[in-house]
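As a basis for the values below, the full set of heavy atoms in this structure was taken, side chains included, without hydrogen atoms, waters or symmetry mates. When a ligand or atom number is given, it counts from 1 through the structure's own listing order.
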Amino acid sequence: EMKDNTVIIVFGASGDLAKKKTFPALFGLFRQGFLPPDVKIVGYARTKMERDDFCARAVSYIKNAQNDAEITASIGKFKDLLSYVTGSYDDGAGFDALDVHLKDIEAKYTSKDRNRLFYFALPPNVFVTVAKNIKEHCYAEPGVNRIIVEKPFGKDLDSARELLSSLKQYWSEEETYRIDHYLGKEMVKNILVLRFANVTVGGIWDKSHISNVQITFKEPFGTEGRGGYFDSFGIIRDVLQNHLLQVLSILTMERPVSFSAEDIRDEKVKVLRSIPPITREDTLLGQYVGADGKPGYLEDETVPRGSVCPTFAATTLWINNPRWEGVPFILKAGKALNEAKVEVRIQFKDVTQGIFDDITRNELVIRIQPSEAIYLKMNAKTPGLQTRAMATEMDLTYNRRFADAKIPEAYEALILDALQGDHSNFVRHDELDVAWKIFTPILHWIDGTSGTRPSPVGYAYGSRGPAELNAFVERYGYQRT
Ligand code: BG6
């Protein structure tokens with residue numbers, strides 16, 4: 001449940017993540033009445049700033065293009081909740097000052113519990129220092145203290161384990177909320193309902209009915225300006241090992257005993273443990289090259305010369321359990337492609353020796369973004385006096401069916417969960433561990449740890465990806481419908 005009298009502290013408050021995601025999400029929750037009563041929000045960062053400057057920055061990404069009066073008024077009220085403390089991340093004195101500031105706020109609260117939610121909008125090299133300093137200087141008792149952290153959680157299995165065990169010295173699993181923001185997306189959450197609240201979907205969810213599954217992430221822009229970070233991580237760490245693997249685990253896990261966080265995460269871990277490490281043979285790597293006036297990856301000044309870092313990857317995973325044995329799960333993600341789209345495409349098997357010609361396979365598509373939708377490609381009778389089958393769709397497109405519904409932002413949903421102490425949509429330590437086990441061997445190959453680095457194939461900025469992609473997905477039985 002939600003604690004009254006909570007202070008939310010945002011570290012890295014002047015950075016990009018905070019400006020683009022954290023504060024807009026906090027504002028969204030505030031506006032919809034989902035923040036705890038009397039909540040206050042404190043920013044902390046190294047940049048010296050007046051409170052007004054901080055407030056201006058914090059609201060700079062809140063959407064209000066039409067200058068809507070109601071939104072403007074809410075922004076004003078939201079600013080009243082904000083305050084700012086300057087300090088460094090490695091010096092206890094800054095955290096002492098923060099603690100004094102927090103106690104000042106809490107002195108006005110009615111309960112003696114002091115509840116603090118610490119949000120790390122920080123680069124990973126300061127995670128441990130900040131975790132330690134908060135624990136030593138800003139831990140409130142009595143009260144509930146929680147931290148929210150976000151990837152990167154290490155670069156491979158060993159470094160992730162080291163990071164997690166360092167953090168564990170100060171913060172328990174119970175107090176830790178590891179964000180994978182895909183778990184906050186409406187259509188990702190919807191997968192559980194689709195699977196476990198429908199006898200139709202639930203009944204065909206296995207290797208007897210499903211031929212192959214693709215989970216696809218496409219972005220129409222490159223790494224412009226972010227090349228430094230990106231180059232040391234690559235697309236697999238950026239998107240596949242976390243976001244797409246999370247979607248995969250929800251798609252394939254067995255039904256949890258209950259809807260509780262631990263039951264759900266137990267099942268996710270179990271299915272992930274059934275996936276052997278991915279292999280080179282099952283992997284296609286690409287890197288975008290300049291086209292139509294758009295710069296290639298290597299032309300980005302923040303990217304090291306001659307980098308072989310993949311900006312595109314397709315890789316096939318296999319699940320060794322009775323439900324999924326032999327079904328290929330293709331994860332693919334790329335930057336600088338032709339469109340923005342994230343979707344799950346479940347392709348079913350052929351109808352056995354049909355009585356109709358020209359029929360195509362059924363496909364269930366869950367479009368995660370943009371324009372949330374679920375549609376089933378299926379065959380129906382062509383309208384008219386002849387009896388002929390044709391391919392058509394059963395279509396549940398959200399903005400048509402639920403025209404007035406507001407789809408929450410992922411970060412809104414997740415911050416609310418953390419405020420309420422619900423871990424269901426956060427990554428448990430053992431989930432992270434097994435995710436790294438699946439990807440570490442291929443990452444070491446790509447990094448050159450185990451010999452020569454593989455060269456990605458080129459694909460044009462704005463294209464559908466490497467030319468090899470069609471043959472790649474066909475190899476796993478995908479048929480274009
Ligand atoms: C982030 C990646 O985790 O997810 C980015 O680091 C990527 O590279 C982003 O652009 C995609 O998130 P969304 O919500 O826009 O799909």
Identity and distance of the protein heavy atom lying nearest atom 6 (O) of ligand 1: D238 OD1, 2.6 Å
Side chain or backbone, does K21 bring an N or O within less than 3.5 Å of an N or O on ligand 1? no
Does the gap between the ring centers of F118 and Y177 come in under 6.0 Å? no
Should you measure from each heavy atom of H243, which atoms of ligand 1 turn up under 4.0 Å away? 1 (C), 3 (O), 4 (O)
Ring centre gap for F329 and W324 strictly below 6.0 Å: yes
Determine whether the aromatic ring centres of residues F95 and Y89 are separated by less than 6.0 angstrom. no
Side chain, backbone, both or neither: which part of Y182 has a heavy atom under 4.0 Å from ligand 1? side chain
Side chains of Y84 and D53: is there a donor and an acceptor less than 3.5 Å apart? no
Atom 7 (C) of ligand 1: which protein heavy atom is closest, and how many Å away? E219 OE2, 3.4 Å
Where is the nearest protein heavy atom to atom 15 (O) of ligand 1: which residue, which atom, and how far? Q369 NE2, 4.0 Å
Using a strict 4.0 Å cut-off to heavy atoms of K335, name the atoms of ligand 1 that fall inside it. 5 (C), 7 (C), 8 (O), 10 (O)
Which heavy atom of the protein is the closest neighbour of atom 12 (O) of ligand 1, given with residue, atom name and distance? H181 NE2, 3.0 Å
Checking side-chain hydrogen bond (donor to acceptor under 3.5 Å, both in side chains) against D180, which of H243, Q246, K151 comes through? H243
Measure from NZ or CZ of K341 to the centre of the six-membered ring of F217, then state whether that distance is under 6.0 Å and the direction lies within 45° of the axis. no
